[in-house]
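Reading through the structure tokens given below for one structure.
Reminder, nothing fancy here: chain letters follow the sequence lines and each chain counts from 1.
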2 protein chains.
Amino acid sequence: MSDLLERLRGRGWRMTSQRRVVAEVLDGDHVHLTADEVHVRAAAKLPEISRATVYNTLGELVSLGEVIEVSTDGRAKRYDPNAHRPHQHLVCSGCGAIRDVRPQGNPLSDLPAEERYGFTVEAVEVTYRGVCPSCAT
Amino acid sequence: MSDLLERLRGRGWRMTSQRRVVAEVLDGDHVHLTADEVHVRAAAKLPEISRATVYNTLGELVSLGEVIEVSTDGRAKRYDPNAHRPHQHLVCSGCGAIRDVRPQGNPLSDLPAEERYGFTVEAVEVTYRGVCPSCAT
DNA sequence: TCTTGACTTGGACTCTGTCCATTGTAGGAT
DNA sequence: ATCCTACAATGGACAGAGTCCAAGTCAAGA
């Protein structure tokens, strides 16, 4: 994750302890925290960090393309630091748990022109929905 | 849409003027209203209908599988009455407009077992993101 | 027509997220 | 090493979306 910090510094990001802590909290695979969860974990390391700063920092990371914003359920958005490897999400309808999954040989053939209604299509999102082992009891 | 009302009555739904009005508002193709928009349009026909009833009714229609809940942007959920023909969504990142599109081949190839993390996979959602003609200026 | 349990109402409340004026500080300049 | 200042953090008020609940209403079966 220090390479992330390097990259950000290179882009002219002013490095503050708050931003560093938020970046640290977002490290790892299969991490999909809500802004509030990020705040709680960040505050454990830096108690005086404010909610507004967490929201600001997450928003900046998303704009910079370092973090992906995922809203799978209409509740709180989740933040996925695994932005540099394309992947899809497997979501539990019970508890909302999310796992990253990788596309097989399935390149999501582009939408044919006659189905585009004049849109410029830029991305495709695939979400698998199901029930996780813990919720399946 | 009267066939919808028939189906609901058949399932033991008590038919009230509020429910009828909500069902009418949701009629048509490419309809993806927010709960609030449904409330405004319903209130135009039945002024005393309450927000809570609109939410209740939409929730019931979703449970019954007659309407699909779509949350594409972390803002208000949208309600899609076109639940009986499988389809995908094309969403404008600018204004949030949604169009229904139909799958070409069969992009829903199941997730391979080794990628399921023990989940029971029940559905796949595909969302194309882009910019609509009006926002492309 | 009567009865009753299902439905509706509206207002309070929660959760998520944004805004803004004020205060603090990273990091280049001296 | 210290000073400056533009950029960042703070926290509290605010807003939008949705849920909850106690009380009143009504659809439809007897």
Side-chain angles (χ1 to χ4, degrees), chain A residues 5-6 8-25 32-64 66-80 95-96 98, chain B residues 5-6 8-25 32-43 45-64 67-80 95-96 98:
Chain A
L5 295 180
E6 276 315 308
L8 294 173
R9 202 191 304 266
R11 297 211 211 180
W13 231 39
R14 179 179 291 188
M15 189 51 52
T16 67
S17 50
Q18 290 85 350
R19 286 174 168 181
R20 200 180 342 262
V21 165
V22 169
E24 280 168 20
V25 165
H32 306 90
L33 300 171
T34 63
D36 202 61
E37 287 163 350
V38 171
H39 182 222
V40 168
R41 298 189 187 199
K45 304 182 173 200
L46 187 69
E48 56 302 358
I49 193 173
S50 73
R51 259 171 22 98
T53 296
V54 170
Y55 275 103
N56 288 342
T57 305
L58 290 172
E60 287 154 12
L61 288 169
V62 170
S63 307
L64 293 172
E66 297 289 347
V67 165
I68 291 172
E69 202 173 62
V70 185
S71 52
T72 50
D73 60 350
R75 303 190 57 73
K77 289 175 195 164
R78 295 182 171 274
Y79 293 88
D80 181 344
C95 60
I98 304 182
Chain B
L5 295 179
E6 277 314 309
L8 295 173
R9 202 189 305 267
R11 298 211 211 181
W13 231 38
R14 180 178 289 185
M15 190 48 54
T16 66
S17 50
Q18 291 85 348
R19 287 173 167 182
R20 198 179 343 260
V21 166
V22 169
E24 281 169 19
V25 164
H32 306 90
L33 300 172
T34 63
D36 202 62
E37 288 164 351
V38 172
H39 181 221
V40 168
R41 298 191 188 197
K45 303 181 173 200
L46 186 68
E48 54 307 354
I49 192 171
S50 74
R51 260 171 21 99
T53 295
V54 170
Y55 276 104
N56 288 342
T57 305
L58 289 172
E60 287 154 11
L61 288 169
V62 170
S63 308
L64 292 172
V67 165
I68 291 173
E69 202 173 64
V70 185
S71 51
T72 51
D73 59 350
R75 304 191 57 75
K77 290 176 194 161
R78 294 183 171 273
Y79 294 88
D80 181 345
C95 60
I98 304 181

**Study point:** Axis bend over the full length of the helix from C/dT1-D/dA30 to C/dT30-D/dA1, computed from five pairs that close each end, to 10 degrees
**Key:** 30°
Review point. To the nearest 0.5 Å, what is the distance between NE2 (B/H39) and OG1 (B/T34)?
Key: 11.5 Å
Check your understanding: Which whole-number value in Å describes the distance from A/L33 CG to C/dT16 P?
Key -> 14 Å
Practice item. Run through B/R41, B/R19, B/K45 and flag the one making a salt bridge (Lys or Arg N to Asp or Glu O under 4.0 Å) with B/E24. Key: B/K45
**Study point:** Atom-pair distance (NZ on A/K77; P on D/dA17), nearest Å
**Key:** 12 Å
Point to revise | Within-4.5 Å side-chain heavy-atom neighbours: B/Q18 and B/T57 | key: no
Check your understanding: Is the closest basic N to carboxylate O distance between A/R11 and A/E66 below 4.0 Å?
Key -> yes
Practice item. Starting from P on C/dT8, measure out to CG on B/L46 and report it in whole angstrom. Key: 10 Å
Review point. Side chains of B/V22 and B/I49: closer than 4.5 Å at any heavy-atom pair?
Key: yes
Exercise for review: Starting at atom CZ of B/R9, determine the distance to atom P of C/dC7, rounded to an integer number of angstrom.
Suggested key: 14 Å
Point to revise | Atom-to-atom span, CG of A/L8 to P of C/dA26 - whole angstrom | key: 17 Å
Point to revise | Min side-chain heavy-atom separation A/Y79-A/E69 under 4.5 Å | key: yes
Check your understanding: With sugar-phosphate meaning primed atoms plus P, OP1 and OP2, does B/R51 contact a base, only sugar-phosphate, or nothing at under 4.0 Å between heavy atoms?
Key -> base
**Study point:** Contact under 4.0 Å: B/T16 side-chain N or O vs C/dT8 OP1/OP2
**Key:** yes
Check your understanding: What's the spacing between A/D36 CG and A/R78 CZ if we round to 0.5 Å?
Key -> 10.5 Å
Point to revise | A/R19 CZ - D/dC7 P separation (whole Å) | key: 11 Å
Exercise for review: Take atom CG of B/D73 and atom C1' of C/dT18, then tell me their distance rounded to the nearest Å.
Suggested key: 15 Å
Check your understanding: Do any side-chain nitrogens or oxygens of A/Q18 fall under 4.0 Å of OP1 or OP2 in C/dT25?
Key -> no
Check your understanding: Under the ring pair (Phe, Tyr, Trp, His ring centres under 6.0 Å) rule, what pairs show up with a residue in residues 42-62 of chain A, not counting sequence neighbours?
Key -> none
Check your understanding: Where along residues 52-64 of chain B does a heavy atom fall under 4.0 Å from DNA chain D?
Key -> B/A52, B/Y55
Check your understanding: Side chain of B/R14: nearest nucleotide among D/dA17, D/dA28, C/dT9?
Key -> D/dA28
Revision key, fill the gap. Of B/R75 and B/E48, the one whose nearest nucleotide on DNA chain C sits closer to the 5' end is B/E48
Point to revise | Rounded distance (Å) that lies between atom P of D/dG18 and atom CZ of B/R78 | key: 10 Å
